[in-house]
Amino acid sequence: MRHSPFDIEKALRVSEPMRPRPGSVRPHLGVTRATKSARTNGLRALLGKQLLPLALTLFIGWLIWGKLGHLDLAAILASVATIGPGQWGLAGLATLGSFWAVGQYDRVLHAQLGTGISARAARLSGIAAIGLSQSLGFGALTGTLIRWRMLPELTLWQAARLSAAVALSFLAGWAVVAAVAVLAFQPDIPWMKSLATGAIALAIVMAMISVYPPGPLVRVPWPSLRAMGTVIGLAACDTILAGLALYALMPPEVHLAIGQTISAYLFSLGAGIIGSTPGGVGPFEATLASLLHMVELEQLLGAVLAFRVVYYALPAMIAGLLILRGPRSCSLSREPGLIKTKSAPYLTPEMELQLFSAPRAEANLLRTRDFSLLTSEKGHPLGLAAPIGQSLVMLSDPIAARGCPFAARDALSRAARMRYRMPAIYKCGARMAASARRAGWKVLPTAQEAWLVPAQFSLEGSKTRQLRRVIRKAEDAHIKVREGSRDLPLADMDRVAQEWLDRRGKERGFSMGTYDRGYISCQRVFLAYQGETLVAFISLHESRHEMTLDLMRAGSAAPDGTIQLLIVEAIRAAAAYGCPRLSLAAVPWDGHDDDALTRWLRGKFLAKSGAAGLRRFKSAFAPQWETLYLAAPSRLALVVAGMDILRRVTAPPPRPTANPMKASRFATHRTLHLFRRRATGAG
C-alpha cells in the first residue's frame, strides 16, 4: 500500500517550520530546567565579566580624586561657554556621521553570523546598543541586554555572541585606523610608531590568512577580505568623525593640528575601551591629557565636557527612547538568506520531502556540516550554499524539481553581496551554466559525471569486459552483498571505515560525504561480507529521480572487485525500485584550455584528485558522461572560488567520536527514512 507524501508529512511531523514568516508570532516553546540553567549561567558569566571594569573604575576614581580638588571648575565651565554655535553644529554633524557608521557594524556582523535579521533592524539595534552602552559602560552586559530587547527574535546567547563580535571587530578596525593615523600624522611619540607598525603587520597577516588560510585554519569561519575591509572603513569613518567632533569643540584660542588631535583621540579612545569604565571616564581623559600636554588642562577638559554632551549624552537619550519604545515590527529579513539545519543530518519532514523531490540526489549533502539552505525572499528553498573563504558557493542545480536557474542565481548573488563574498555555482548542469553565461558570468567546465540507466545496465558485451573480470575475483573470494536494513552494523562499519582511513590518510569533504554514523543512517547502504565478516560497504544519496554514489569504504581484508560488486548490486536494486537514473558521481574534467589561468586552476584540481584512476574505475561500468561547470560573475571570482573549493574539499570536518549508546537513535531515524521511501514508491 502506498501513502501520499502528505500522509508521511503528517505522520512524521516532529518539529516547527524551518523559518518564521515576517510578521508572525513566535510559538511558545516550553522551557526545560536545562534551558533555565543555561540562561542563568550565561547571565552570571556576563555579570562576572563586569567586575574587573567596575573595580578599575573605582581604582581610577581613587587615583584622580586628589587632583580633582585642584581643578578650577569655573575655568572649565568658562571654556565651555566660549564654544560658538558653529562649533556645536559641526560637532553635531560629525556625531551624526559617526553614529551612521556605528549602526553599520551590526549590519555587517548580522550578515556574517547569518542571524536572518534585516539590515534596518540591525542598524537600529546597533545604534541603540552602542549609544547607551558607551555612556553606561560595562559594554558586554549592556550591549547584550539592549540588543536582546531590540531584537526579540534572538536568544540571549545570540545577542551576547553578536555583542562580542561587534566589540572585537571594532577593536580590530580601531587598531588599524589608529596605526594608519599615527604613521600618517607622525606624532612626536616614538613608542606610538612602533605599535602602529606592529598593528599594520598584524592586519596584513590576518588578510593573508583570510585569502589563503593554512591547513588547520581552513574550516575556521574566518571573515572574508571584503568584510574585513568594510569593518576597517567603518571604523575609520566612526572614529575620525568622532575625533573631528572633539576637534571642533576645542576653544578658539587653542591651536592644534587636526592630525595630532585625531591621533590623540584614537589612542585615548582605546584606553577608555580597554578600561571599560562608564563612557571611558578616567582612562580617556588621562590619556588625552598626557598626549596633548601642551593644552591647558582646564581648556582641554572643557572641550571634553562639551564632547561628552554631544557625543555621549544626546545619543544616550535618543537610544533610551528607542529602547523604551522597543521593536515595532518583525525584525526578520525579507532578503534571500542561508538557513543552517540545526539537527543535521536529521531534517524536518518538510525538508526531507523537499530533498526527496530534488532533481539531483546530491542535494542530500545538506545533511553535512558544510552546507546551508539558500532560500528566496519568501522562504522557499532554492539550493545548497556554503560560505567558504572569499566565496559563497552554491552546489549543483536548484533543488526544486522545476527550479528556475535565474531565481536561484539572483538569490545567490544577493545573499553573497549581503555576506561580503563573491557568488559562485559549483558542479551545475548545462541548463544552469547556459543561464549564467547569458547573464554575463564566466563558465568553466570542471567535472564530468558518470551516470547510467539502471534498467538498461548489463554486464554483457565488450564494454564491460574488464568489469566482469574484476567482479569474478570478488565472487571467487565468496563475497556476498546485502542491502542495509533498519539496524546497520555500525560497529563493523566503523572498523572498515577506520581501516580505509588508515590506508588513505584522510577523507575528502565539501561536495563529497565523509563517514559519520548519523549521516550514513540517512542513505542507501550496501554491505559486502566474507563469511560473517564485513569487509566493505558503499552508500548512495537518494531522491525520487536518481541515486548517487557517495561513500566507498573497503577494509584491509576486502579482495579485488569488492567495491565493483557492491556497485553492480546497487544498480540492480535501483532497477528493481524503478529508479530512472544512477550516478557514479563526478571526476575532474580533463579537457584542454587555451587560457593559461584556467589551465593552471584545472591543474590544481587534477593534481589533488586522483582523476586518472577514478575515470578508469567508473569507465568500467560503460556509463554516459555529463559535463558539469563552475560559474562565477568574473574571472577573478572564478579562480578565487576554485581555490576556496579545493581547500575545503581537501580539509573535511573531523570525524565525531563513535558513541555506541546512540545506536538506537540512528536505527530509529533510519526506520523513518525507510518508511518514507516505501510510502513514496521508492522501494
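Values below: every heavy atom of this structure, side chains too, minus hydrogens, waters and symmetry copies. In this chain, numbering begins with 1 at the start of the sequence shown.
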Pair Tyr519, Ser539 - check side-chain contact (heavy atoms from CB on, under 4.5 Å), show working.
CA-CA 10 Å; Tyr519 175 71; Ser539 70; 5.5 Å; no
Pairwise side-chain contact, [X] with [Y], heavy-atom cut-off 4.5 Å (strictly under):
X: Leu384; Y: Glu362; value: no
X: Gln112; Y: Arg421; value: yes
X: Val453; Y: Trp451; value: yes
X: Trp500; Y: Met552; value: no
X: Arg647; Y: Tyr212; value: yes
X: Leu527; Y: Val525; value: yes
X: Phe510; Y: Ile645; value: yes
X: Pro398; Y: Leu382; value: no

Kindly check if the number of other-residue, nucleotide or ligand heavy atoms within 6.0 Å of CD (Glu532) is above 12?
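No, the 6.0 Å shell around CD holds no more than 12 heavy atoms from other groups.
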We want to know whether [X] and [Y] form a side-chain donor-acceptor pair, criterion being a heavy-atom distance below 3.5 angstrom.
X: Gln498; Y: Asp502; result: yes
X: Gln523; Y: Asp550; result: yes
X: Arg544; Y: Ser357; result: yes
X: Arg503; Y: Ser556; result: no

How would you list, by chain and number, every residue that makes a side chain to side chain donor-acceptor pair (under 3.5 Å) with [X], sequence neighbours excluded?
X: Thr464; answer: Arg468
X: Ser413; answer: none
X: Arg419; answer: none

Show, in sequence, the C-alpha distance, side-chain angles and deciding distance for Thr375 and Leu338, and conclude whether the side-chain contact (heavy atoms from CB on, under 4.5 Å) test is met.
CA-CA 6 Å; Thr375 61; Leu338 297 179; over 6 Å; no
Which pair of heavy atoms, one from [X] and one from [Y], lies closest together, and at what distance?
X: Ala632; Y: Leu638; value: CB-N, 3.6 Å
X: Thr514; Y: Gly509; value: CG2-CA, 4.2 Å
X: Leu584; Y: Pro623; value: CD1-CB, 4.5 Å
X: Thr446; Y: Leu630; value: CG2-CB, 3.4 Å
X: Ala528; Y: Ile479; value: CB-CG2, 3.9 Å
X: Ala411; Y: Leu374; value: O-CD1, 4.2 Å

Under 4.0 Å between a side-chain nitrogen and a carboxylate oxygen: does that hold for [X] and [Y]?
X: Lys427; Y: Glu626; value: no
X: Glu460; Y: Arg465; value: no
X: Asp370; Y: Arg648; value: yes

Could you state the interatomic distance from [atom1] ([X]) to [atom2] ([Y]), rounded to the nearest 0.5 Å?
X: Cys522; Y: Asp516; atom1: SG; atom2: CG; value: 9.5 Å
X: Ser521; Y: Asp487; atom1: OG; atom2: CG; value: 11.5 Å
X: Leu551; Y: Ile538; atom1: CG; atom2: CD1; value: 10.0 Å
X: Phe371; Y: Leu365; atom1: CZ; atom2: CG; value: 6.0 Å
X: Phe356; Y: Leu347; atom1: CZ; atom2: CG; value: 14.0 Å
X: Arg517; Y: Leu488; atom1: CZ; atom2: CG; value: 10.0 Å

For side-chain contact (heavy atoms from CB on, under 4.5 Å), just list the numbers for Met351 and Ile399, CA-CA rounded to whole Å, side-chain angles, deciding distance to a tenth of an Å, and then say yes or no.
CA-CA 11 Å; Met351 199 61 242; Ile399 63 173; 4.0 Å; yes
Could you work out, with salt bridge (Lys or Arg N to Asp or Glu O under 4.0 Å) as the rule, every residue matching Asp410, not counting sequence neighbours?
Arg414
Taking side-chain contact (heavy atoms from CB on, under 4.5 Å) as the test, write out the residues that go with [X], two or more places apart.
X: Ala111; answer: none
X: Arg495; answer: Asp492, Glu499, Thr533, Leu534
X: Ala585; answer: Lys618
X: Trp157; answer: Thr155, Arg161

Is there a side-chain contact (heavy atoms from CB on, under 4.5 Å) between Leu113 and Gln158 once you walk through the steps?
CA-CA 10 Å; Leu113 297 175; Gln158 287 175 314; over 6 Å; no
Sequence neighbours excluded, every pair satisfying side-chain hydrogen bond (donor to acceptor under 3.5 Å, both in side chains) that has a member inside residues 469-482
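Qualifying pairs, neighbours excluded: Gln466-Arg469.
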Side-chain donor-acceptor contacts of residues 388-396 below 3.5 Å, not counting sequence neighbours, with atom names and distances?
unit_1: Gln390; atom_1: OE1; unit_2: Leu225; atom_2: N; d: 2.6
unit_1: Gln390; atom_1: NE2; unit_2: Ser210; atom_2: O; d: 2.7
unit_1: Gln390; atom_1: NE2; unit_2: Ser210; atom_2: OG; d: 2.9
unit_1: Ser391; atom_1: OG; unit_2: Asp644; atom_2: OD2; d: 2.8
unit_1: Ser396; atom_1: OG; unit_2: Arg360; atom_2: NE; d: 3.4

Run the side-chain hydrogen bond (donor to acceptor under 3.5 Å, both in side chains) test on Ser583 and Glu449 for me, step by step, so that the C-alpha distance in whole Å, both residues' side-chain angles and the decisive distance to 0.1 Å come before the verdict.
CA-CA 7 Å; Ser583 169; Glu449 184 179 27; 2.5 Å; yes
Is a side-chain N or O of [X] found less than 3.5 angstrom from the main chain of [Y], in a donor-acceptor match?
X: Glu546; Y: Ala361; value: yes
X: Asn364; Y: His541; value: no
X: Ser543; Y: Ala358; value: yes

Determine, using ring centers only, whether Tyr515 and Phe537 are less than 6.0 Å apart.
yes
Between Tyr629 and Tyr426, does the ring centre distance come in under 6.0 Å?
no
Arg524 NZ/CZ over Tyr577 ring centroid, <6.0 Å and within 45° of normal:
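Yes.
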Got a list of side-chain donor-acceptor pairs under 3.5 Å for residues 561-574, not counting sequence neighbours?
unit_1: Thr562; atom_1: OG1; unit_2: Pro559; atom_2: O; d: 2.7
unit_1: Glu569; atom_1: OE2; unit_2: Arg572; atom_2: NH1; d: 2.8

Does anything in residues 387-396 form a salt bridge (charged side-chain N to carboxylate O under 4.0 Å, His left out)? List the pairs, not counting sequence neighbours.
none
